[in-house]
Amino acid sequence: MKTNYCNILGFDIIKNMLSEFAVNGYAKEKILNLEPYINELQLRKALNETDETRKIIDCCGNPHIPEISEVKTTMDIIEKEGLIYPVQLGKFQCFIASCRRLKSYLKKAESTDCSLAYNGMSIDTLDEVYDEINRCIRGDEIDSEATNELSDIRRKISNMDTRIKNELDSLLKSKKKYCNDSFVSVKNGHYTLPVKKEYKNQVSGSVIATSSTGTTYFIEPSAILKLTEKLEVLKTDESIEQDKILYSISALIYKYKETVLCNIEIIENLDFAFAKGKLSAEMKAISPNINTQRYIKISEGRHPLLNRDVCVPIDFEIGNGINGIVITGPNTGGKTVTLKLVGLFSIMAQCGLHIPCKNADICMNGNVLCDIGDGQNISENLSTFSAHIKNVVSILENTSKESLVLLDELGSGTDPAEGMGIAIAILEELRNRNCLFVATTHYSEVKSYAENTEKVINARMTFNRETLEPQYKLIIGEAGESCAFYIAERLGFPKRLLNYAVKQSRNYISDSNKYDFSDVKENNDIKTVSVPKIQKINNKNNVSTHAASFNIGDSVIVYPDKKVGIIFKTADDMGVLGVQINGKKKMIKHNRIKLKVPASELYPPDYDFSIIFDTVENRKARHKMDKHHCPDLEIKHNDIEET
């Protein structure tokens with residue numbers, strides 16, 4: 001579907017709201033690239049994912065999804081350099097702790113009987129890595145007890161440091177009159193005495209630095225030179241031993257590279273899935289029923305971008321013999337909001353999201369097309385009417401029987417008589433296309449067209465005549481009125497002018513309700529483009545969405561043994577699939593199976609799976625049967641085990 005149509009309806013705002021519930025960049029990017037599914041199986045799988053995360057959230061609260069950007073960086077550093085430092089190790093340990101919490105959360109969520117909860121079984125707690133980091137790292141430092149060698153080196157450093165300080169203290173006392181201060185200073189990593197400028201030659205040693213005023217010379221005494229050299233050697237030994245420890249831990253993490261990457265992948269997918277569940281909970285939304293029979297029914301729908309506390313719920317229904325609805329009523333009465341609600345609900349549902357209403361049946365659409373707003377474009381010198389017509393031409397080019405078309409203030413912005421004629425012509429063309437369409441208008445002739453035309457019906461937005469306030473309720477099956485004369489009278493418009501206006505409008509309105517649509521039906525002058533077609537599920541049985549999501553050739557993991565197999569037979573009515581494991585064919589219930597790699601990523605599109613699953617005899621038999629009828633041949637499947 002074209003993004004600009006989706007954004008006109010506010011779907012870009014919905015995606016931004018959804019991305020706020022995601023933690024990691026992968027999920028946020030996936031959300032911002034979210035588009036309506038055309039494939040029915042993929043849509044049902046996506047919607048089932050939202051159903052399950054909402055159910056889990058309602059039962060167990062929101063999960064703690066780990067932030068993984070720094071973990072990815074850490075893995076990249078190990079891959080290239082082989083060494084990571086204590087600060088990064090501390091953060092990596094926090095990542096493991098978060099994985100453990102998420103695994104525990106999903107274990108609790110298994111009580112909901114949602115298959116998504118069993119992702120926790122695939123999250124590894126990396127106990128060996130966690131324990132090693134915990135043993136060796138304290139805060140941002142390597143613990144002295146990480147190895148015996150490090151403990152011994154640091155003990156020697158401490159002793160040497162004490163010897164140097166004692167020696168310096170002794171020198172300081174003996175040369176007190178030469179010094180400006182009564183304490184030892186460390187300058188540029190060297191222990192020094194603060195010697196007065198005039199006595200700098202009285203203390204044997206190297207000048208390391210001078211004070212800003214030049215009155216004090218910081219001298220490293222020759223007497224401690226051997227001790228400091230030994231200290232430097234010990235510190236070098238310490239650095240080497242620390243690197244050994246860090247390399248050892250880094251190598252251990254690299255050993256679990258595939259496990260870590262698997263955890264990351266699971267977390268990224270769960271992040272996206274739970275973002276949908278969190279948005280559903282935030283909106284108090286429900287899971288819509290999806291159909292491909294071209295009907296929409298919404299009960300107590302609330303526009304998701306309006307304040308729920310003041311938003312008036314809307315009931316809406318189209319399809320089942322009614323392809324078009326013409327909505328009339330006063331300005332600011334809610335006609336445009338209704339249009340946007342229907343379009344936005346359709347797009348959200350087809351993206352696998354829940355929608356805020358009491359219940360809903362939403363049909364899949366090849367595309368959702370709309371012309372809403374005045375569309376003026378100063379840079380292109382387009383008037384309101386020109387912009388509308390330009391949009392409508394584009395809409396007609398992209399309309400098929402699987403389209404949902406939404407048109408606001410149809411035919412407005414030009415001479416009323418001509419605008420009315422164009423409006424009716426557009427509606428008739430859409431009716432002939434057999435698509436679903438909803439239009440708003442003020443034209444009485446268009447109301448008359450809807451009343452007298454097959455598969456098209458009027459609807460109106462209610463209006464309180466006493467308070468002159470719109471009530472934002474949609475009544476399907478009744479034509480509304482703009483109430484211009486009534487409102488003008490109530491607001492004190494002169495009676496004489498009002499009577500004249502009524503008389504002129506009656507002279508203007510045609511008494512004929514019959515229209516000649518023969519030219520419209522020819523439908524030979526509109527350039528049409530290729531429109532996406534809905535890919536329906538062929539198997540219309542009662543197989544669960546999870547069972548139906550598997551295809552022949554998918555690589556799967558079978559629990560509880562976590563054995564890897566390949567699907568050779570899709571699910572039957574009981575949700576049992578055929579899985580080949582280590583060359584043996586078994587029939588296994590779908591809830592024990594988890595997708596590892598889809599067949600589309602393993603094999604080319606026209607791959608012959610009989611190479612994997614059939615015996616040589618069966619393949620030869622199939623080859624002969626494909627050429628001509630062979631009554632003496634049979635395909636044998638005696639090697640399938642029931643589990």
Side-chain angles (χ1 to χ4, degrees), residues 9 294-298 301 314-343 345-346 368-373 385 388-389 391-392 395-396 399 401 403-414 416-463 470-484 505 509-510 512-517 520-521:
L9 295 167
R294 310 301 298 145
Y295 70 90
I296 299 172
K297 185 175 182 180
I298 299 168
I314 292 173
D315 294 332
F316 179 87
E317 185 172 3
I318 193 172
N320 293 324
I322 300 297
N323 282 24
I325 295 179
V326 175
I327 304 177
T328 51
N331 290 327
T332 70
K335 299 189 299 298
T336 303
V337 170
T338 300
L339 275 187
K340 288 188 173 183
L341 179 142
V342 173
F345 272 22
S346 296
V368 176
L369 308 167
C370 61
D371 179 46
I372 297 175
F385 179 73
H388 277 307
I389 292 301
N391 289 341
V392 168
I395 287 171
L396 292 178
T399 298
K401 65 179 181 180
S403 299
L404 171 63
V405 179
L406 308 168
L407 302 171
D408 194 26
E409 299 295 348
L410 188 58
S412 64
T414 188
E418 295 175 356
M420 173 273 298
I422 288 175
I424 293 175
I426 293 169
L427 293 179
E428 182 61 15
E429 175 63 22
L430 293 174
R431 188 175 77 96
N432 290 335
R433 295 289 185 93
N434 208 30
C435 65
L436 298 182
F437 60 92
V438 186
T440 69
T441 186
H442 287 291
Y443 291 126
S444 297
E445 290 85 352
V446 177
K447 302 176 197 176
S448 183
Y449 161 82
E451 184 177 348
N452 293 279
T453 304
E454 186 180 0
K455 295 185 178 181
V456 185
I457 194 172
N458 277 307
R460 67 180 179 88
M461 304 302 300
T462 58
F463 176 79
Q471 295 175 317
Y472 305 107
K473 286 282 188 181
L474 179 69
I475 307 298
I476 295 178
E478 299 179 13
E481 54 184 335
S482 298
C483 301
S505 68
I509 297 172
S510 170
S512 173
N513 289 328
K514 302 297 181 182
Y515 306 98
D516 180 7
F517 297 125
V520 178
K521 290 179 181 179

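Judged as a side chain to side chain donor-acceptor pair (under 3.5 Å), and not counting sequence neighbours, the contacts of N434 are N323.
Across F345 and I298, no two heavy atoms sit closer than the pair CD2-CD1, 3.7 Å. Closest heavy-atom contact between C435 and S403: CB-O, 3.4 Å. Taking every heavy atom of both residues into account, S346 and I296 meet most closely at OG-CD1, 3.9 Å. Residues G477 and I457 come closest through the heavy atom pair CA-CD1, 3.7 Å. Between K340 and I372, the closest heavy-atom pair is CE-CG2, 3.7 Å.
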Open item on the list: What verdict does the side-chain contact (heavy atoms from CB on, under 4.5 Å) test give for T338 and V438, after you've listed the backbone C-alpha separation in whole Å, the side-chain angles of each residue and the deciding distance to 0.1 Å?
Closed with: CA-CA 10 Å; T338 300; V438 186; 6.0 Å; no
- [ ] Decide side-chain contact (heavy atoms from CB on, under 4.5 Å) for V405 and I395; before the verdict, give the C-alpha distance in whole Å, the side-chain angles of both, and the deciding distance to 0.1 Å.
- [x] CA-CA 8 Å; V405 179; I395 287 171; 3.7 Å; yes
Task: Audit row: V326, V456, side-chain contact (heavy atoms from CB on, under 4.5 Å) steps and yes/no - done: CA-CA 8 Å; V326 175; V456 185; 4.2 Å; yes
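Side-chain contact check for F437 versus T399: every heavy-atom pair is 4.5 Å or farther apart. Contact check for L427 versus T453: no side-chain heavy atoms found under the 4.5 Å cut-off. Here the side chains of D315 and L474 are not in contact, with every heavy-atom distance at 4.5 Å or above. By the 4.5 Å heavy-atom criterion applied to side chains, L406 and L9 are counted as neighbours. Within the 4.5 Å cutoff, the side chain of I322 has no heavy atoms near those of the L436 side chain. At least one side-chain heavy atom of I325 sits under 4.5 Å from a side-chain heavy atom of F316.
One finds no salt bridge joining K447 and E451 here, because no Lys/Arg side-chain nitrogen approaches an Asp/Glu carboxylate oxygen to under 4.0 Å.
Panel note: side chain R294, backbone I318; no donor-acceptor pair is recorded below 3.5 Å. When atom types are taken as modelled, the side chain of T440 and the backbone of E409 share a donor-acceptor pair closer than 3.5 angstrom.
Atoms CZ and NZ, on R433 and K401 in that order, are 13.5 Å from each other to the nearest 0.5 Å. Taking CG of L410 as the start and CD1 of I327 as the end, the distance is 12.0 Å to the nearest 0.5 Å.
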